[in-house]
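Following: one structure in structure tokens, then a few remarks.
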Protein chains: 2
Amino acid sequence: MKYLISELANKCNVNKETIRYYEKVGLLRPPTRTDSGYRMFSEDSVKRIKFIKRMQDLGFTLAEISKLLGIVDKDNQRCEDMYNFVVNKVEEVQLKIRDLKRIEQMLINLKEKCPNEKFMYECPIIETLVVGNDT
Amino acid sequence: MKYLISELANKCNVNKETIRYYEKVGLLRPPTRTDSGYRMFSEDSVKRIKFIKRMQDLGFTLAEISKLLGIVDKDNQRCEDMYNFVVNKVEEVQLKIRDLKRIEQMLINLKEKCPNEKFMYECPIIETLVVGNDT
DNA sequence: CTTTACCCTGTACTGTGGTACAGGGTTTAT
DNA sequence: ATAAACCCTGTACCACAGTACAGGGTAAAG
């Protein structure tokens with residue numbers, strides 16, 4: 001299946017300007033073009049854009065995502081120093097998982113108490129992350 | 001313990017402009033002032049700023065953090081519609097935890113393969129998040 | 001054969017979350 | 001009593017990640 005830019009944009013829930021922007025900053029490789037210069041995208045681009053978007057939601061910057069995609073593209077420029085990058089990221093991700101679990105519990109408790117204003121106001125919020133080390 | 005703005009900034013690893021900015025946008029309530037107008041912060045501010053910073057790293061916007069702090073401040077303006085806000089956030093957080101665990105595994109595998117270029121280039125990257133539903 | 005709906009490049013503008021002065025007051029150390 | 005090191009307000013500027021035109025070409029439906 002081949003896509004024009006706005007078909008791809010639609011499929012991925014982004015807008016076409018975003019796709020051109022991703023191409024410009026190197027997150028997408030230049031797609032093939034029709035004779036009249038229209039971009040033609042493949043199925044792979046769909047997966048790639050969805051990956052970029054999800055990674056972004058998970059807290060990765062476009063620069064970091066680009067680095068990871070360097071592996072997909074077998075680009076040894078972007079793969080330089082990959083090991084250290086990955087080691088640091090693993091740690092970051094693990095700490096995020098740990099803290100998000102605390103937030104999850106805090107929010108579940110809060111949700112339960114919400115219907116009653118007094119109880120709600122007594123929910124611990126700031127304390128959630130102060131625990132210091134792990135659980 | 002009382003802090004001048006740059007002492008607080010130091011303790012929290014932010015700069016003073018950020019603290020003033022947080023005050024301006026309502027994340028910190030106006031602190032008490034000395035006779036000459038200097039801000040004096042309490043220990044609570046330390047915890048509060050650290051909370052804000054960590055929540056931000058975890059993907060919450062300042063607007064969302066402000067809403068949660070509405071509970072701490074017992075501000076029923078910011079607490080309006082809290083229940084729905086919390087319900088949505090719980091779901092988001094749970095999906096983030098799920099996907100971060102997948103990323104964690106992907107990165108751990110990648111780390112192991114990194115020393116060898118060929119193996120590294122064969123690591124699944126985009127596929128990590130394509131699984132669709134849970135594991 | 002022209003209207004409608006696409007596409008292109010390029011540049012300007014936006015929102016979020018700060019960061020960096022400028023211009024001026026205060027406090028402490030010498 | 002004056003320099004150094006703080007503080008204040010206010011405004012301008014920054015990076016990131018888009019978003020929105022402007023000006024112009026293409027394609028296909030009526």
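Throughout, a chain's letter reflects where its sequence line sits, starting with A, and its residues are numbered from 1.
- Here the nucleotide nearest the side chain of A:Ile5, chosen from D:dC7, C:dA20, C:dC8, is C:dC8.
- The distance from atom CD of B:Glu7 to atom C1' of D:dC6 is 10 Å, rounded to the nearest whole Å.
- With hydrogens and angles ignored, the 3.5 Å screen pairs no side-chain donor or acceptor of A:Asn76 with any backbone N or O of A:Cys79.
- Between A:Arg39 and C:dC7 there is no side-chain N or O to OP1 or OP2 distance below 4.0 Å.
- Within 4.0 Å (heavy atoms only), A:Arg20 reaches at least one base atom of the nucleic acid.
- Between A:Met40 atom CE and C:dC8 atom C1' there is a gap of 15 Å when expressed in whole angstrom units.
- A straight line from OH of A:Tyr21 to C1' of C:dA12 spans 15 Å, rounded to a whole angstrom.
- Considering only side-chain N and O atoms, B:Ser36 lies nowhere under 4.0 angstrom from the phosphate OP1 or OP2 of D:dC8.
- In this structure, A:Thr34 reaches neither bases nor backbone, as no heavy-atom distance under 4.0 Å exists between it and the strands shown.
- Rounded to an integer number of Å, the gap from B:Ile49 CD1 to C:dG18 C1' is 14 Å.
- Among the heavy atoms of the strands lying under 4.0 Å from A:Ser6 are primed sugar atoms or P, OP1, OP2 only; no base atom is included.
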Donor-acceptor pairs under 3.5 angstrom involving side-chain atoms of residues 63-74 of chain A: please list them, not counting sequence neighbours.
{"unit_1": "A:Glu64", "atom_1": "OE1", "unit_2": "A:Thr61", "atom_2": "N", "d": "3.0"}
{"unit_1": "A:Glu64", "atom_1": "OE1", "unit_2": "A:Lys89", "atom_2": "NZ", "d": "3.4"}
{"unit_1": "A:Glu64", "atom_1": "OE2", "unit_2": "A:Lys89", "atom_2": "NZ", "d": "2.9"}
{"unit_1": "A:Lys67", "atom_1": "NZ", "unit_2": "A:Arg78", "atom_2": "O", "d": "2.8"}
{"unit_1": "A:Lys67", "atom_1": "NZ", "unit_2": "A:Glu80", "atom_2": "O", "d": "2.6"}
{"unit_1": "A:Asp73", "atom_1": "OD1", "unit_2": "A:Arg29", "atom_2": "NE", "d": "3.2"}
{"unit_1": "A:Asp73", "atom_1": "OD1", "unit_2": "A:Arg29", "atom_2": "NH2", "d": "3.3"}
{"unit_1": "A:Asp73", "atom_1": "OD1", "unit_2": "A:Arg48", "atom_2": "NH1", "d": "2.8"}
{"unit_1": "A:Asp73", "atom_1": "OD2", "unit_2": "A:Arg29", "atom_2": "NE", "d": "3.4"}
{"unit_1": "A:Asp73", "atom_1": "OD2", "unit_2": "A:Arg48", "atom_2": "NH2", "d": "2.8"}
{"unit_1": "A:Asp73", "atom_1": "OD2", "unit_2": "A:Arg78", "atom_2": "NH2", "d": "2.9"}
{"unit_1": "A:Lys74", "atom_1": "NZ", "unit_2": "B:Tyr121", "atom_2": "O", "d": "3.4"}

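- Within the 4.5 Å cutoff, side-chain heavy atoms of A:Phe60 are placed close to those of B:Ile103.
- The shortest distance between the side-chain N/O atoms of B:Gln56 and the OP1/OP2 oxygens of C:dT16 is not below 4.0 Å.
- For A:Thr61 and D:dC16, the shortest distance from a side-chain N or O to OP1 or OP2 is not below 4.0 Å.
- Summarising the geometry, the separation between OH on B:Tyr38 and P on D:dC6 is reported as 11 Å, rounded to the nearest angstrom.
- With D:dT9, C:dG18, D:dC7 as the candidates, the nucleotide lying closest to the side chain of B:Tyr22 is C:dG18.
- Atom-to-atom, CD of A:Glu17 to C1' of C:dC13 comes out at 13 Å; the value is rounded to the nearest Å.
- For the pair A:Lys16 NZ and C:dA5 C1', the interatomic distance rounds to 11 Å; values are reported in whole Å.
- Side-chain nitrogen and oxygen atoms of B:Lys53 include at least one within less than 4.0 Å of the OP1 or OP2 phosphate oxygen of C:dG18.
- Contact annotation: the side chain of A:Ile108 approaches that of A:Gln105 to within less than 4.5 Å [non-hydrogen atoms, C-beta and beyond].
- Checked by atom type and distance alone, the side chain of B:Asp81 never pairs as donor or acceptor with a backbone atom of B:Asn84 at under 3.5 Å.
- The distance between atom CD of B:Glu23 and atom C1' of C:dG18, rounded to the nearest whole Å, is 16 Å.
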